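What follows is a short report on a single structure.
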Amino acid sequence: MSDNEKPTLLVIDGHSLAFRAFYALPVDSFQNSEGQHTNAIHGFIAMLLNLLKNEKPTHIAVAFDISRYSFRTREYPEYKGTRGETPPEFIGQIPLLQEALKAMNITTISIEDFEADDILATLSVRGTDSGYRVLVVSGDRDTIQLVNDDVTLLYPSRQGVSDLTRYDPAKVKDRYDIEPHQYPEIAALVGETSDNLPGVPKVGEKTAIKWLHRFGSLDEIIAHADEITGKVGESFREHKDNAVRNRRLNRLVTDVELPCELDSLEKQPIDQGAVREVFAKLEFRTLLDRVMKLEGVENAEPAAPEITAPEAQNLLDEELAAWLSRQSTSSEHGIAVSVEIADGRPTGIGLASATESVALAWQPERADYAPFETWLADASAPKVMHSGKQQLKALRSAGLTVNGLAFDTFVAGWLLRPGGQDKTLADLVLRYLDEKLPEADPNQLVPAIEPSSAAALAWYTHRLVDPLLQRLDEGSTRVLRDIEMPIVDVLATVEARGVAVDRQHLDELSDSLGATARDLAQRAFAEIGREINLGSPKQIQEVLFEQLEMPTTRATKTGYSTDAASLADLQASHPHPFLGLLLEHRDATKLRQIVDSLVKAIADDGRIHTSYVQTGTSTGRISSTDPNLQNIPVRTQTGRHIREAFRVGDSHDSLLTADYSQIEMRIMAHLSEDPGLIEAFRTGEDLHRFVGARIFGVEPADVTSEMRAKVKAMSYGLAYGLSAFGLSRQLRIDNKEAKQLMSDYFERFGAVRDYLRNVVEQAKVDGYTTTIFGRRRPFPDLKSPNRTLRQNAERAALNAPIQGSAADIIKIAMINIESDIREAELTSRMLMQVHDELVFEVSDGEHDELERIVRTRMGDAANLSVPLDVQVGYGPNWDAAAH
DNA sequence: AGACTCACGTA
DNA sequence: CGTACGTGAGTCTA
């Protein structure tokens, strides 16, 4: 009988796989509305469904431990004694998993006094004896001993439980260079920390395998113990009893008395009703679909009565007014609004409470919607929106006043998962309601399903509020209420204002940069004797490393780097005119590209209206797109010419720029409470000079510019997790000197080092970092076994509270400034934010008052243990206004 | 057309 | 082998 014709018996270690699933899936993302965590169940079932689909077993059993105690703990009480407390979120998941399995008519087996592995072992022996192909799924390596020609072990990878590695005899041989039955002897020699089974000290996998090859078995190794030389030999002779004990304990029992016959494990059809019930309780919609599909159930009935959006009512005048007032008083979180937008203008409006919805076919100046307009403008009437900023802008462009945006589901979803993938309402509906938002398939010309109306979208938005609020901790809730919600309005306003630019100036720049680039390109071509595309890294590589035979640089995925730093290195070691020309050409084309993108972005009003993406970053910063106004050049002279094009509009007198000086270092001083750093900021002396004086042991006046540059690089690097290697490379000093600089630095500013270490440690414990104001950023990778991933996460975790707190601070300042300006009835206005800088248009005669507001509000945005210093400048354009 | 890589601008 | 972004060009893939 060939393997394909054999019946397949699938046996799973329930507890170990559920536990693996628990650690593989984020706890926070899997929770039903009763607050029961379900990540382990979800992961387990998903894995099980994959196995059912791919392996098509004819027989199935899932084994569970009854308790921590078994014949092994009686024999050796310390066995598994080091296992910690069960995580609270795991509790309750096993019984629910068993319930789900029962509903799927899958046999679960637990036997008093034995572990699940023993059941697996017994089943695999019984199975092979009866002519089955056996698949063992376990997260316990001891089950490797069960592998033979008929038994394959599926072992979960570190990433998760859905990715299973197949261990057949060949794979075991490949991985350990031994036969499967020999594995327990290796394990016995090496020991198993997680089971509290110490092995023979100094003996690791390598040594154990070597000995097994030499002597054949543990018994033989013991018989020849005297022949083993060196410290390892001594260690073995002293601790061989450990190995003997471990071997006794890790031998799986293959003749446990089972409560059932193999035949009874035959795969049965699921109990559809029971499955629907259990999956409904677990709120597993997608998994239910998969079960039903696997089961061949067509058009699966939904578990619960399908929740569909209430039919939208069409209300006018008094009826609309009555509805709004009724819902406002009865609805806990206010009324949800969804604006249908075309070309930036509203074309329809949906309103919804938890149970009802209303559709308004928006048309300008429709008198019968007056109650809606009144309600919209009422700041005391709370509104819920998804991605409110765009809708706010659209409504305002139609002449409506909007106040009282109280909750934005998009922003709330981002605060919960700031680096996450959730971009649309549909994403949130799927994640937090476990439902599919009816959407038209863009690939279908004739939509199969009716896409959701504005009223339905509003209804879904409203339903998201509770689950989101429930998941937001206290700090994040405060950040949402005090920072993120108020800033929505500010950003919408700032975007709508735009910033005036001088088109002619930009056009001239573009022409001149274009001419420069063409000239440089011709000269570069002359140097190498042919014309290539200078913008192609691939062709540059051909020229440098093949034609000119230069030494290769830093490796990239597709070859060798030709970035500016690499070219500069080459220029130093192998000078060639081509290199300099290429660098200059890159400069010119890059600048030209920026200029051209700005010109393209000029709107009909002669101004550039960027979009600030409130949910664009993991740290809490705002990003800017279409065009990005946060990366306009400033470091080079030509770059600053671009800034000259950003000018005051005709209606105003000048631009004002205000920026925080060294805000991140100040936050570091505050968070670390380092007395030296705090003093540095309180004296008001130049920071790098002050720090340099401390480190190099000289008077501040005697700090040379070279010393200052080193200290500056070090200080800035700190907040990014800079290494000695990185510092040495950046400063072009040797590694030894960089190390010395770092240790000198920490000698004087030890609290900074302690703080940075502590941030990472705490983040490992908590799973997230927190800013001064309570904004969280999760860091799952801090526990990754992958070193690169983990170290990247460590550096990001180090930086997150600092960068994030700075982001919080400037947002608070923006909110307060906007509010003060409005209250003072100034016509001066905020135009741009560039992370630590704000740009304003100042009206004639308002300089002093605006500057006072800006300085006050930026300065008092946070109460730190060091002052927040603000630098202010004026000018007719952005460059001139810088200081 | 869309995804990916590289390079490079800012804080 | 320093954090956080967005853009554009070239290149590869569907």
Side-chain angles (χ1 to χ4, degrees), chain A residues 418-419 443 532-541 553-567 582-583 585-598 600-601 610-613 615-636 638-640 642-643 659-665 668 713-731 735 738 742 756 759 769 777 779 787-788 791-804 806-807 810 832-838 878 882:
Chain A
N443 297 320
I532 60 162
N533 184 343
L534 294 175
S536 161
K538 199 174 159 216
Q539 296 180 36
I540 298 293
Q541 285 174 42
T553 53
R554 174 173 66 85
T556 66
K557 279 184 187 161
T558 53
Y560 300 101
S561 174
T562 66
D563 68 14
S566 300
L567 295 181
L582 173 60
L583 279 169
H585 180 265
R586 283 227 184 113
D587 265 352
T589 48
K590 175 79 182 174
L591 291 175
R592 177 158 190 237
Q593 167 225 317
I594 292 176
V595 170
D596 290 349
S597 75
L598 290 176
K600 272 207 296 205
T610 186
S611 294
Y612 288 106
V613 186
T615 55
T617 70
S618 313
T619 52
R621 276 188 177 179
I622 292 163
S623 73
S624 156
T625 65
D626 305 312
N628 181 357
L629 295 188
Q630 291 178 324
N631 71 343
I632 303 301
V634 68
R635 289 171 210 213
T636 62
T638 335
R640 284 196 298 274
I642 299 179
R643 290 201 169 208
D659 62 51
Y660 283 116
S661 75
Q662 288 143 346
I663 188 166
E664 296 200 346
M665 281 304 285
M668 193 134 81
M714 171 84 206
S715 284
Y716 274 109
L718 275 180
Y720 301 145
L722 185 70
S723 63
F725 177 88
L727 186 64
S728 72
R729 225 173 49 132
Q730 196 200 319
L731 290 173
N735 213 311
M742 287 186 87
L756 293 171
V759 168
T769 58
R777 174 173 176 191
F779 281 100
R787 207 176 56 141
T788 314
Q791 290 178 339
N792 286 343
E794 284 172 1
R795 286 191 301 274
L798 194 100
N799 174 259
I802 300 169
Q803 190 183 124
I810 196 161
M832 289 198 278
Q833 190 251 41
V834 192
H835 307 308
D836 68 354
E837 173 185 12
L838 297 174
W878 194 6

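The structure displayed is predicted, hence computed values, not measured ones. Residue numbers begin at 1 in each chain, while the letters A, B, ... track the order of the sequences.
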Inset, instruction - Treat primed atoms plus P, OP1 and OP2 as sugar-phosphate and everything else as base, then score nucleotides 1-11 of chain B 5' to 3': B for base contact with protein heavy atoms under 4.0 Å, S for sugar-phosphate contact only, - for none. - result: ----SSSBBSB
Figure out the [atom1]/[atom2] separation between [X] and [N], and round it to whole Å.
{"X": "A:Met668", "N": "C:dG2", "atom1": "CE", "atom2": "P", "result": "16 Å"}
{"X": "A:Ile540", "N": "C:dA9", "atom1": "CD1", "atom2": "C1'", "result": "12 Å"}
{"X": "A:Gln593", "N": "C:dG6", "atom1": "CD", "atom2": "P", "result": "15 Å"}
{"X": "A:Asn533", "N": "C:dT11", "atom1": "CG", "atom2": "P", "result": "6 Å"}

When we call it a touch if two heavy atoms are under 4.0 Å apart, what does [X] touch: a base, just sugar-phosphate, or nothing?
{"X": "A:Gly726", "result": "sugar-phosphate"}
{"X": "A:Ala796", "result": "sugar-phosphate"}
{"X": "A:Gln539", "result": "sugar-phosphate"}
{"X": "A:Arg592", "result": "nothing"}
{"X": "A:Asp659", "result": "nothing"}

Inset, instruction - Enter the distance from A:Met832:CE to A:Leu629:CG here, rounded to the nearest 0.5 Å. - result: 6.0 Å
Inset, instruction - Kindly compute the distance separating CZ (A:Arg795) from CG (A:Asn792), expressed to the nearest 0.5 Å. - result: 4.5 Å
Legend entry - Candidate nucleotides C:dA4, C:dG2, C:dG10, ranked by approach to the side chain of A:Asn799 - the nearest: C:dA4
Legend entry - Atom P, compared across B:dC4 and C:dG2: separation rounded to whole Å: 25 Å
Inset, instruction - Specify the closest pair of heavy atoms between A:Ala800 and A:Arg777, including all atoms of both residues, with the distance to one decimal. - result: CB-CD, 4.1 Å
Set out, line by line, the N/O atom pairs under 3.5 Å between protein and nucleotides 12-14 of chain C.
unit_1, atom_1, unit_2, atom_2, d
C:dC12, OP1, A:Lys538, NZ, 3.3

Inset, instruction - Please list, chain by chain and in numerical order, all residues satisfying side-chain contact (heavy atoms from CB on, under 4.5 Å) with A:Ile594, sequence neighbours excluded. - result: A:Lys590, A:Leu598, A:Ile632, A:Pro633, A:Ile642
Legend entry - Residue whose closest nucleotide on DNA chain C lies nearer the 5' end, A:Thr619 versus A:Asp626: A:Thr619
